[in-house]
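Quick caveat, the model's predicted, so the values are computed rather than measured.
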Amino acid sequence: MTTVTGSAAATGLPALRPLAHWPRLTSAIAPDAALERQVADLLGRMTLQEKVGQMIQPELAQLTPEDVRDFHIGSALNGAGIWPGGERHATVRDWVDTVDRFWTAAEESWRGRGFRIPFLWATDAVHGHNNVYGATVFPHNIGLGAAGDPDLVRRIGGATAREVAATGMDWIFAPTVTTPRDRRWGRYYEGYGEDPALVHAYGRAMVEGLQGDAAALRTDGKVLATLKHWIADGGTVHGGDRGTARCSEDVLRDIHAQGFLAGIAAGAQSVMVSFSSWEHPANYDHSPDRGEPYNHKVHGSRYLLTDVLKDALGFDGIVISDWDAHAEVARCSAGDAGYAINAGLDVLMVAGREAWQSVHRTTVRQVREGQIPMARIDDAVSRVLRVKMRAGLWDKPRPRERALARAGSSVVGCAEHRALSREAARTSLVLLKHTPGLLPLARTSRVLVTGSAADDLSKQCGGWTLTWQGDDVDRADLPGGSTLADAVRSVVGTERCAVDPHLEHTDPTAFDVAVVVLGENSYAEMRGTLKPWRSLAYADLKRSYARDLQVLRRLHSVGVPAVTVFLTGRPLYCTEEINLSAAFVAAWLPGPYAEGITDVLFAGPDGTPAHDFQGRLPSSWPRTRDSAAVNRIPPHLPDYRVPPEETRPEGRHTPLFPVGHGLSLHDTTDTVGLLAPDEPRPAPPPPAVDGPLRVLDADGTPYRLRVGGHNTWSREDVPLTGPMRCLIVHTDPVPAPAGGTGLRLRFTGYPAFVYAESPNGTPEDLRGHLQAGAHVEFAVRVLQPPTAPLFLACHDDYPAQPGLDLVPRLRQAAPGEWTRVSVPLADLAAAGMDLRHVDVPFMLYTEGTAELEVADVGWRVP
């Protein structure tokens, strides 16, 4: 049996050792005295306003070339789903021309000053140049971790750098070197795996691929790398996105810092800070005499940003914030980053136009008033200038005249890079179960391709693919892409292949084998995170996933062998699915070139195996539905004390398959057998109902009213005493028809939800209201009808969880008149809402525009 349980020993990963203190690092890009003199000279000639301009990074949709000129903006970015002119299929030339316009505006801003400071363009290229139409998309990091090949990662970094440079850009926000420790985290797949040795090796390799050495970084074919997210975002309680880590500083160093230590040593020139918090006595309040107490956000941690990252480790590059993350720090707001700047942030990623202009004004004022020391500004700007010089920006021509940009479309998405992505998909596959003699499949087999992910590119690619969540991409968005159904058809021929994702139209007994493709719906941060009380079982997560299990049961009942391919961003409990399968393959998020999967599933033209399974688990596989944070004891930490955020891997939480596990086609026996299922625990009886559930009525609300969605990641509170204005929703208090206060809600056309949240975040079991026949009721006055579905839900994470479209009911309301809406709670339960764990009893969500007033909201028994 070819099973590996010690991944570091098996793959030649570095032998780590415990760290008693933060080590002083030596970067592959060494300090240069002559360069430092140039930095000092430029710094001495800049005004305060010019310096602050270098510290602010707006995004494309909220910035104009004139802004760059007027504010001396030093860099800009395009986030996921933000394209030139809003065109998702913008060409490579469109991108180059856009970047070139901003670069030219920056040049004009220095005219007559006797010096110039070139402009930087940054992008989220996290699995290839994934925001650009036609670019090569690679497997997500968890799949690369399964491949266990640092050289593969280095080559992917080099290919990504070339494609980014071909669009005229200089800087990418990758690699993610988190060490994810809880499978409920929605960004789990952005990490390479739970083994810090693997993350250490890959952090170094990816930086080397993206940047090269000091000389290579100055050339056209390399880009600036960013290590993210500093630090312990993969170690939060319950896997909470933007959550809180409470681990010791030893765990911080020995587990969560390893990718950063290696990446900084490899020469990484920027580090992005995590949205998360670290609750620890060392994480002190650097200005305790000013206002509310520091809230432990890493963005406000002078200890982690300055004392550790800059001073102890010796990192001399740029420390950049995440998207509007400064706003979550105590004493900061969207337009005021003073506390976070004093903590050590050098560049502020501020999205909204009003917000970034406010940050500029506020920072200048706070320096003049002495709240921000001038030395702190000079440190930040020196780092920006240093990195720009190391990148050779003064010597590079304008973006449209760079060699790779001239080559453009011959580089972006080229055949060589797509072949590399196919190789990465092939080597990342992990065979968890195999009936001897079944694989590889003969090319003459009659093959049924079924399962919800059989013909779905979004499930193959995952989040951060052309759009933020990646859940709305299709064939038109990924030229050259192929689903697994496409790839199977190309191997066996259309006459021997049928594709029926839900097994609705096909007799499975007419086929020799079924390739069953299961897969999580695409998600990215926030929307992919599972609540602490959610099951980790694939079939429990969504009703569409449960249909996949029914497909497997049907195939098993009629004796058709199933080769199951599981597309996922994390290990999930799949024991029944494995038992029902003759072979089970973890394919992770392999990207749009599914031929990498059929390369291994099918024999070569001569009937012999063309490729063997090479992948090994980068993270342990759960044995139970609730084994969310069970991790191997790190081999280099024999005295490791399992922190409260994790679970010791023993007893019922012993992993079903450990880190490093993986089978080979050469295994001659069924090494898995029939696995013991973890039966779901019966739910307690519903609690009794002692009256209606108040949400918003004449006496106010016992809940916290909030707004979230596009560009509003930190969530905005909705007052009942005055207006609230943010990009996605405007609210105003209005008189309610039965007395008290209601709310006018104006949705502006961005994905947005307005909701009532439990003040302490604790969910309630409200099944008793369902048993009593309760309805969700509210008064509504439609002022502008919704232009898209308007969903009602009992949670705060639609579209990750279901909603019920209210538009048909609202059409029955007389325009401009108060109407009573009553939705049976049974309808919400039938849609799949979990009434046992309700922390948000009322939410409205839409991606369109609408204006309406709501009042007198509650759950009532008719």
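Residues Glu716 and Thr731 have side chains not in contact (no heavy-atom distance under 4.5 Å, counting atoms from C-beta outward). Looking only at side-chain heavy atoms (C-beta outward), Asp322 and Arg242 stay at 4.5 Å or farther from each other. Residues Arg290 and Asn342 have side chains in contact (heavy-atom distance under 4.5 Å, counting atoms from C-beta outward). The side-chain heavy atoms of Leu48 and Arg368, taken from C-beta on, include a pair separated by under 4.5 Å. Contact check for Leu198 versus Pro618: side-chain heavy atoms found under the 4.5 Å cut-off. In this structure, the side chains of Leu385 and Met46 come closer than 4.5 Å at one or more pairs of heavy atoms. Residues Arg570 and Trp185 fail the side-chain proximity criterion, which asks for heavy atoms closer than 4.5 Å. At a threshold of 4.5 Å between non-hydrogen side-chain atoms, the residues Glu354 and Gln62 do not count as touching.
A donor-acceptor contact shorter than 3.5 Å is absent between the side chain of Arg204 and the backbone of Gly263. Side chain of Arg386 to backbone of Gly317: no donor-acceptor contact under 3.5 angstrom is found. Although no hydrogens or angles enter the test, the distance criterion places a donor-acceptor pair under 3.5 Å between the side chain of Gln54 and the main chain of His72. Lys297 places a side-chain N or O within 3.5 Å of a backbone atom of Phe275 that can act as its donor or acceptor partner. When atom types are taken as modelled, the side chain of Asn295 and the backbone of Glu328 share a donor-acceptor pair closer than 3.5 angstrom. Between the side chain of Arg183 and the backbone N or O of Val630 there is at least one donor-acceptor pair closer than 3.5 Å. The main-chain N or O of Gly335 is found under 3.5 Å from a side-chain atom of Ser358 such that the two form a donor-acceptor pair. A side-chain donor-acceptor contact under 3.5 Å links Arg253 to the backbone of Leu19. The closest donor-acceptor contact from the side chain of Thr179 to the backbone of Ile255 lies under 3.5 Å. Judged by distance alone, the side chain of His795 and the main-chain N or O of Val838 form no donor-acceptor pair under 3.5 Å.
For the side-chain contact (heavy atoms from CB on, under 4.5 Å) criterion with Gln258, the lone passing option out of Leu16, Val177, Asp195 is Leu16. The one candidate from Lys531, Arg184, Arg534 that meets the side-chain contact (heavy atoms from CB on, under 4.5 Å) condition with His238 is Arg184. Among the candidates Thr741, Val718, Leu743, Leu720, the single residue satisfying the side-chain contact (heavy atoms from CB on, under 4.5 Å) test with Thr701 is Leu720. No option in Tyr189, Tyr192, Tyr523 other than Tyr189 meets the ring pair (Phe, Tyr, Trp, His ring centres under 6.0 Å) test with His140.
Under 4.0 Å is where a charged nitrogen must lie from a carboxylate oxygen, and between Arg376 and Asp346 at least one such pair does. Look at Glu292 and Arg331 and you find no salt bridge, because none of the NZ, NE, NH1 or NH2 atoms lies under 4.0 Å from a carboxylate O.
For the residue pair Trp356/Glu59, the side-chain donor-acceptor check at 3.5 Å is not satisfied. Between Thr362 and Asp336, the side chains place no donor N or O within less than 3.5 Å of an acceptor N or O (distance only, hydrogens not considered). There is a side-chain donor-acceptor pair under 3.5 Å between Glu249 and Trp22. Using modelled atom types, one finds a donor on one side chain and an acceptor on the other under 3.5 Å when comparing Trp464 with Glu190.
More than 12 non-hydrogen atoms from other residues, nucleotides or ligands lie less than 6.0 angstrom from CZ of Arg725. Residue Arg24 qualifies as enclosed at atom CZ: its count of foreign heavy atoms under 6.0 Å is above 12.
Ring planes of Trp278 and His280: parallel class, angle under 30° (limits at 30 and 60°).
Remark: Ser619 pairs with Tyr188 by the side chain to side chain donor-acceptor pair (under 3.5 Å) rule, at least two apart or across chains. His837 is linked by a side-chain contact (heavy atoms from CB on, under 4.5 Å) to Trp533, Pro763, Asp834, counting only residues two or more places apart in sequence or in another chain.
Considering every non-hydrogen atom in both Ser321 and Leu345, the closest pair reads CB-CD1, 3.9 Å. Pairing each heavy atom of Pro723 with each of Pro733, the nearest pair is N-CD, 4.1 Å. Shortest non-hydrogen contact noted between Val695 and Pro841 is CG2-CG, 4.0 Å. Shortest non-hydrogen contact noted between Ala225 and Leu210 is CB-CD1, 3.8 Å. In this structure, Gly569 and Ile142 approach most closely via the heavy-atom pair O-CD1, 3.6 Å. Residues Ala524 and Gly463 approach most closely at CB-CA, 4.4 Å, considering heavy atoms.
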Salt bridge (Lys or Arg N to Asp or Glu O under 4.0 Å) assessment of Asp41 paired with Arg45: CA-CA 7 Å; Asp41 176 67; Arg45 300 164 71 182; 3.3 Å; yes

Step-by-step ring-ring contact (aromatic ring centres under 6.0 Å, His included) determination, His296 to Tyr294: CA-CA 6 Å; His296 303 286; Tyr294 165 54; 5.6 Å; yes

Steps toward side-chain contact (heavy atoms from CB on, under 4.5 Å) verdict (Trp171, Ile318): CA-CA 12 Å; Trp171 186 5; Ile318 293 170; 4.2 Å; yes

Test log, rule side-chain hydrogen bond (donor to acceptor under 3.5 Å, both in side chains), inputs Asn78 and Thr123: CA-CA 5 Å; Asn78 60 277; Thr123 188; 3.0 Å; yes

side-chain contact (heavy atoms from CB on, under 4.5 Å) evaluation trace for Phe173 with Leu77: CA-CA 10 Å; Phe173 296 142; Leu77 83 149; 3.9 Å; yes

Trace of the salt bridge (Lys or Arg N to Asp or Glu O under 4.0 Å) decision for Asp316 with Arg390: CA-CA 12 Å; Asp316 65 359; Arg390 287 174 173 171; 2.8 Å; yes

From CA spacing to verdict: side-chain hydrogen bond (donor to acceptor under 3.5 Å, both in side chains), Asp307, Tyr284: CA-CA 11 Å; Asp307 299 351; Tyr284 61 88; 2.8 Å; yes

Trace of the side-chain hydrogen bond (donor to acceptor under 3.5 Å, both in side chains) decision for Tyr339 with Asp285: CA-CA 10 Å; Tyr339 187 93; Asp285 187 342; 2.7 Å; yes

Residues Lys51, Asp378; criterion side-chain contact (heavy atoms from CB on, under 4.5 Å); working and verdict: CA-CA 8 Å; Lys51 292 177 181 178; Asp378 286 347; 2.8 Å; yes

From CA spacing to verdict: side-chain contact (heavy atoms from CB on, under 4.5 Å), Val308, Leu252: CA-CA 11 Å; Val308 173; Leu252 210 64; over 6 Å; no

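The distance from the NE2 atom of His730 to the OG1 atom of Thr748 is 6.0 Å, given to the nearest 0.5 Å.
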